[in-house]
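Whatever order the structure lists ligands and atoms in, that order sets their numbers, starting from 1.
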Amino acid sequence: MKAIVLHGAQDLRIEERPDPGPGPGQVLVAIEKGGICGSDLHYFQDGRIGAFRVREPMILGHEISGRVAALGAGVEGLAEGQPVAVSPSRPCGACRYCREGMPNQCPNMRFYGSAMPFPHIQGAFADLLVAEPEQCVPTDGLTSAEAAMAEPLAVVLHAASLAGRLLGRRVLVTGCGPIGLLAILVARAAGAAEIVATDITAFTLAKAGALGASETINVREAPDGLNRFEADKGHFDVLFECSGVAAALAPAVPALRPGAVIVQLGLGGDMTLPLQAMTVKELILRGSFRFHSEFRLAVEMMRTGRLEVVPLVTHVRPMTDAGAAFTLAADRNEAIKVHLAFG
Ligand code: ZN
C-alpha cells in the first residue's frame with residue numbers, strides 16, 4: 001500500500017508500505033477519502049504544531065472514510081464492503097480522565113497523525129488501515145466525501161456542547177475555514193437567531209454566506225467592522241473562535257454581551273487575551289479540544305439530513321498528488337476542504 005509520510009517541514013513523501021492485515025477483533029479498512037486538516041497543514045508547513053515537532057517520519061491524516069475490506073476473528077456488527085467513517089480518537093478507556101467521562105483528555109490518547117507523544121502516533125493517510133470496531137461507524141447512504149467530514153463535524157459538535165444553549169442566541173464566528181463554516185451549520189441547525197461570521201478572505205466569507213451566516217464581515221478590508229455591535233455592552237451571546245489568531249479574537253470581545261461564552265477552537269500559536277475587558281463583562285472562556293462520543297452523532301446528523309456538508313469540499317485530488325494538494329489546501333482564496341482520494 002501507499003502512505004503519505006511527513007519527514008520534516010515541506011518534506012512529504014509517498015512511500016510504499018507492507019499491506020497490513022486485521023488481527024483478531026480488528027477491522028481492515030480500505031481508505032477512500034482523507035480530508036486535509038489544519039493540523040496536517042501545520043505539520044507540513046512548519047514541521048510542528050507549537051511545541052510538538054515532528055521528530056521521526058510520520059504518516060499524516062485523521063479525517064478518513066472508506067470501506068470494510070476484511071474483518072478479524074470475532075468482529076460483529078460490521079460487514080465486508082460496508083462504508084464507514086473511522087474515528088481517529090483512540091483513548092485508553094482505563095485512565096482517570098477516561099473514567100471521568102473526558103476521553104478527549106486521555107493522557108494515553110493515540111489520535112491518528114499526532115506528534116504530541118514520542119514515538120509519534122502514525123496517521124491514516126494510507127490505502128489500508130487497521131482499526132478497532134468501535135472506531136468504525138457505518139455511513140450507509142452517505143458519500144465517502146460526506147463520511148470523511150464526520151471528524152471535523154465532531155470537533156464542532158463538541159464545541160457546541162460546551163457553548164451552552166444556542167436556540168435563539170446571537171452567534172459570532174471568527175475564522176471561516178472548515179471548522180468555522182461547520183460552526184455556522186451547527187449553530188443554524190441548533191436554532192441560533194443570528195450568525196455573524198468574520199474572516200480575511202472574500203472566498204471563505206462567500207461560503208459562510210451561502211451556508212447560512214446572516215452577515216459576513218471581511219475584517220481585513222473593514223478592521224472595525226464589528227464596532228457597531230459594541231453598543232449597549234455588546235450584542236453576541238456566543239463566540240466560536242475558529243481562527244486561532246489573537247487579531248481575530250481581540251476586536252470580537254467588545255461585541256460580546258456580558259456573560260457571553262467564548263468557545264476557543266482555533267489552534268495556532270499562543271494567543272494574547274484582553275483579560276481585563278473579559279473580566280469586567282464576566283465573559284466565560286471555554287477551550288474545546290477534539291471530541292469523542294460526538295463522532296457517532298456527526299455521522300447520524302449527516303445521515304438524517306440535518307446538516308449538508310458537501311459544499312465545504314471544494315477539491316478532490318489523488319493521494320499521489322499529496323504535495324500539490326497540501327499547497328492547495330493552504331490557500332484560503334481557493335480551497336476550503338481538500339480531500340485526497342485513495343485506493
Ligand atoms: Zn484514558
Side-chain angles (χ1 to χ4, degrees), residues 6 20 22-29 31 34-35 37-40 42-43 48-56 58-66 71-78 84-126 129-139 147-163 179 244 263-267 285-301:
L6 186 75
Q26 294 182 319
V27 182
L28 182 68
V29 179
I31 300 297
C37 170
S39 64
D40 298 315
H42 279 297
Y43 285 131
R48 65 195 309 149
I49 298 178
F52 306 115
R53 190 169 54 84
V54 175
R55 288 176 284 163
E56 63 175 344
M58 181 173 82
I59 300 176
L60 293 175
H62 57 268
E63 300 179 1
I64 40 164
S65 66
L71 295 172
V75 178
E76 292 177 359
L78 292 166
V84 289
V86 183
S87 173
S89 175
R90 297 186 293 169
C92 75
C95 72
R96 60 187 286 206
Y97 296 109
C98 283
R99 282 185 279 120
E100 289 172 10
M102 296 155 66
N104 62 324
Q105 297 294 342
C106 174
N108 312 310
M109 171 65 76
R110 294 180 304 132
F111 200 97
Y112 287 141
S114 171
M116 281 172 75
F118 188 89
H120 301 333
I121 310 300
Q122 298 295 314
F125 281 170
L129 180 76
V130 173
E132 303 300 319
E134 305 77 47
Q135 293 173 259
C136 301
V137 180
T139 55
M149 292 299 288
E151 198 274 351
L153 180 54
V155 168
V156 173
L157 292 175
H158 182 67
S161 75
L162 296 171
I179 294 295
V263 185
Q264 180 67 39
L265 289 103
L267 290 169
L285 175 65
R286 306 214 59 165
S288 182
F289 186 57
R290 294 178 178 163
F291 58 87
H292 187 68
S293 61
E294 294 87 352
F295 191 86
R296 280 177 187 275
L297 177 61
V299 171
E300 198 54 32
M301 287 185 77

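- Residues Phe118 and Arg55 are in side-chain contact: their nearest non-hydrogen atoms beyond the backbone lie under 4.5 Å apart.
- Side-chain contact annotation: Tyr112 with Gln135, donor-acceptor N/O pair under 3.5 Å present.
- With Phe111 as the aromatic partner, Arg290 meets the cation-pi criteria of under 6.0 angstrom to the ring centre and within 45 degrees of the ring axis.
- Other residues, nucleotides and ligands place no more than 12 heavy atoms under 6.0 Å from the CD atom of Glu76.
- Around the Zn ion (ligand 1), the protein N, O or S atoms found under 2.8 Å comprise Cys92 SG, Cys95 SG, Cys98 SG, Cys106 SG.
- Gln105 contributes no side-chain N or O that, together with a main-chain N or O of Met102, makes up a donor-acceptor pair within less than 3.5 Å.
- Considering only heavy atoms from C-beta on, Ile49 stays 4.5 Å or farther from Leu267 through its side chain.
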